[in-house]
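On a predicted model such as this, the values are computed, not experimentally measured, just so you know.
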Amino acid sequence: MTAGFSILIPTWNNLPYLRLCVESIRRYSSFEHQIIVHVNDGSDGTLEWVKEQGLDYTHTKENVGVCLAMNMMRSKVQCDYIYFINDDMFVLPDWDVVLMNEVNALPDNMFYLSSTMIQPHDANDVGLCINYGDSIETFQRERLLNEYMNVPYPDWLGSTRPPNLVHRDIWDLVGGYSIELSPGMYSDPDFTAKLLLVGVRYLKGLGNSRVYHFETKTTTRIRKNDGATQFLLKWGISNSAMRKYITRQGEDWSRHDMPLDSARLKSKRRSAKLKALWYLLTKGFGIIKEIEKI
């Protein structure tokens, strides 16, 4: 195998899924990837297992969330490309070949690419909704491996969510993940907004790079930040409006040269200002409330 990506996996006491994720990367990759794990807590045996496996890792005694974990793992990166995947995902054959072919065809590193998820219960606005199990116990591995390419899915606009790929120079240019959004709600669209700010416009999901996602095996256990409000106050537009009218997430890639709906976008900006004013008057702003908890 030849050199591939630095794969970043934040995890929090989710060892059975992490094992499966790492196994899938090792078994179904065509390139030699560096796997980096951030172990939040790790009292379930995760830290010992990561060490036994010889994986690169960072560690905190408590759960610091996704944003800090991602930025800590950046210090271990050895490859040119950073691939972010959740620990409850399972990569499928040729996932990395499709991504690497796309990278090699591009003229520069101003891109943000996503694999396409297959999920048991929710297709969101991108990906396929096909149930191959939503737990380790119900996982239908062989059926998935036999069928995962049976349903065609086109390349799509608006790469935002993991699993995604970015050049490490672009990662550094935008400063990685925004820690004020810890533990991490809305940190993915925030990262995308930062990419847009520095001129990245090639936000593409690849329909033939496929990953199975068991869905929300960690987010149901955390105390979530009010990411929607934070995103609105920071960027002056809601995440949903950015996805629909700027990145146009989920639209067929063949439409990528079509101009933005500037009139609709202007209308959404006006409504965002009113929402922001209401939030500021009723909820306050800034991170002082989080600092006061220390």
For a quick test of reading the model, state the closest non-hydrogen atom pair linking [X] to [Y] and the distance between them.
| X | Y | result |
| --- | --- | --- |
| P183 | R223 | CG-O, 3.5 Å |
| Q140 | R143 | OE1-NH1, 2.9 Å |
| M89 | I85 | SD-CG1, 3.5 Å |
| N239 | P189 | OD1-CB, 3.0 Å |
| T58 | H38 | OG1-ND1, 2.6 Å |
| S238 | L232 | N-CD1, 3.8 Å |

Task: I7 CD1 to I9 CD1 distance, which is reported to the nearest 0.5 Å - done: 6.5 Å
Task: CD1 on I136 to CG on L15, rounded to 0.5 Å - done: 9.5 Å
Does [X] use its side chain to pair, donor to acceptor, with the backbone of [Y] at less than 3.5 Å?
| X | Y | value |
| --- | --- | --- |
| S267 | A263 | no |
| N225 | L181 | yes |
| Y177 | V66 | no |
| N164 | R161 | yes |
| N13 | G42 | yes |
| K275 | T229 | no |
| E62 | N40 | no |

TODO: Kindly write out the residues that satisfy side chain to side chain donor-acceptor pair (under 3.5 Å) with S209, not counting sequence neighbours, or none if the list is empty.
DONE: S115
Open item on the list: One pair to check against side chain to side chain contact (heavy atoms under 4.5 Å, CB included): L99 and Y83. What are the steps and the verdict?
Closed with: CA-CA 10 Å; L99 285 165; Y83 188 74; 3.5 Å; yes
Please determine whether the number of non-hydrogen atoms from other residues, nucleotides or ligands lying under 6.0 Å from atom [atom1] of [X] exceeds 12.
| X | atom1 | value |
| --- | --- | --- |
| Y57 | OH | no |
| I179 | CD1 | no |
| K244 | NZ | no |
| K76 | NZ | no |

Task: Qualifying residue, where the test is side-chain contact (heavy atoms from CB on, under 4.5 Å) with W171 and the options are V77, L195, I82 - done: I82
Taking the ring of [Y] and the ring of [X], is the distance between their centroids below 6.0 Å?
| X | Y | answer |
| --- | --- | --- |
| H59 | W12 | no |
| F214 | F139 | yes |
| Y202 | Y112 | no |

Electrostatic pair [X]-[Y], nearest N-O below 4.0 angstrom:
| X | Y | result |
| --- | --- | --- |
| E251 | R248 | yes |
| R26 | E32 | no |
| R74 | D172 | yes |
| K204 | D155 | yes |

Are [X] and [Y] connected in the hydrophobic side-chain network, where two residues link if heavy atoms are under 4.5 Å apart?
| X | Y | value |
| --- | --- | --- |
| F111 | F5 | yes |
| L206 | L157 | yes |
| M73 | V174 | yes |
| L68 | M70 | no |
| V198 | W235 | yes |

Open item on the list: Please determine whether side chain to side chain donor-acceptor pair (under 3.5 Å) holds for the pair H167 and D80, giving the CA-CA distance in whole Å, both sets of side-chain angles, and the decisive distance to 0.1 Å.
Closed with: CA-CA 6 Å; H167 194 283; D80 287 337; 4.6 Å; no
Taking the side chain as C-beta and beyond, is there a heavy-atom pair between [X] and [Y] under 4.5 Å?
| X | Y | result |
| --- | --- | --- |
| H256 | L203 | no |
| D169 | N109 | yes |
| Y148 | L128 | no |
| Y28 | D94 | no |
| L92 | V211 | no |
| F84 | F191 | no |

- [ ] Start with the C-alpha gap between L265 and I237, add the side-chain angles, then the distance that decides, and say whether side chain to side chain contact (heavy atoms under 4.5 Å, CB included) holds.
- [x] CA-CA 9 Å; L265 189 56; I237 193 170; 3.7 Å; yes
Polar side chain donor-acceptor pair, [X] to [Y], under 3.5 angstrom:
| X | Y | result |
| --- | --- | --- |
| R264 | Y245 | yes |
| W95 | S30 | no |
| H121 | D134 | yes |
| Y212 | Q119 | no |
| S6 | Q34 | yes |
| S178 | D190 | yes |

Task: side chain to side chain contact (heavy atoms under 4.5 Å, CB included) evaluation trace for D56 with Q78 - done: CA-CA 10 Å; D56 292 319; Q78 297 173 4; 4.1 Å; yes
Open item on the list: K61 vs D41, test: salt bridge (Lys or Arg N to Asp or Glu O under 4.0 Å). Steps then yes/no.
Closed with: CA-CA 5 Å; K61 292 182 179 180; D41 183 359; over 6 Å; no
Task: Audit row: Q249, S159, side chain to side chain contact (heavy atoms under 4.5 Å, CB included) steps and yes/no - done: CA-CA 7 Å; Q249 183 172 292; S159 174; over 6 Å; no
- [ ] Quick one: sort the Y186 and F231 rings into parallel, tilted or perpendicular, breaks at 30° and 60°.
- [x] tilted
